[in-house]
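Note sheet for the following structure.
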Amino acid sequence: LRGLILREGVTTKDRMVILHVSGNPADSLHQDQIKNFKEIALKFTPEEGYLSVFLLIQQAIKGQPTTFFEMHLAGKEMIREVMDGKVFLISPRSFFQPNTLQAEQLYKRGIQLLELKGDETVYDLYCGTGTLSIFAASYAKK
């Protein structure tokens, strides 16, 4: 076991459970262990929103790039989060700000500081999910 990752869409109440395990064949999970994890995770289905369950296998071989294998076990393939009326779809390995409510305030303030007039082209380099550029798109030409 490398970790257990829990993600939640604060505004949607969607939840994602990711069991992160080693890809070392000696440590591999058996099918019944995966089934048990899935059954336990499904007990945490929220009353609102929905639940996504994944197994993430990390294979590290000396002298080779680390490889990840993602197995979708149950539920939707992504969870949703809403910021400033915009819906973002979040997959198990995507980067998304964990404190959504604070991130929304930060992005709104950043847009104010840009003082966009509506004729600019905005570039969001190294943007991750592109959250800031999606916010800026409403205020810039391009």
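Atoms considered below: every heavy atom in the structure, side chains included; atoms not considered: hydrogens, waters and symmetry mates.
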Non-neighbouring partners of Ser52 that pass side-chain hydrogen bond (donor to acceptor under 3.5 Å, both in side chains), sequence neighbours left out: none
Enumerate, atom names and distances included, each donor-acceptor pair closer than 3.5 Å involving a side-chain atom of residues 69-77, sequence neighbours excluded.
from, atom 1, to, atom 2, distance (Å)
Glu70, OE1, Arg93, NE, 3.4
His72, NE2, Ala74, O, 3.2
His72, NE2, Gly75, O, 2.8
His72, NE2, Lys76, O, 3.2

Heavy-atom side-chain proximity of Arg109 to Leu113 below 4.5 angstrom: yes
Within-4.5 Å side-chain heavy-atom neighbours: Val53 and Leu42: yes
Residue pair Ile90 / Met16, side-chain heavy-atom distance below 4.5 Å: no
Within-4.5 Å side-chain heavy-atom neighbours: Arg7 and Arg15: no
Flag, side chain of Glu104 to backbone of Gln102, donor-acceptor distance under 3.5 Å: no
Side-chain touch Met78/Ser94, heavy atoms, less than 4.5 angstrom: no
Side chain Asp14, main chain Arg80, donor-acceptor under 3.5 Å: yes
With Met83, the side chain to side chain contact (heavy atoms under 4.5 Å, CB included) member among Thr100, Ile134, Thr11, Val10: Thr100
Parallel, tilted or perpendicular: rings of Phe135 and Phe88 (30°, 60°): parallel
Residues that Gln97 engages under side chain to side chain contact (heavy atoms under 4.5 Å, CB included), provided they are two or more places apart: Phe95, Ala103, Tyr107
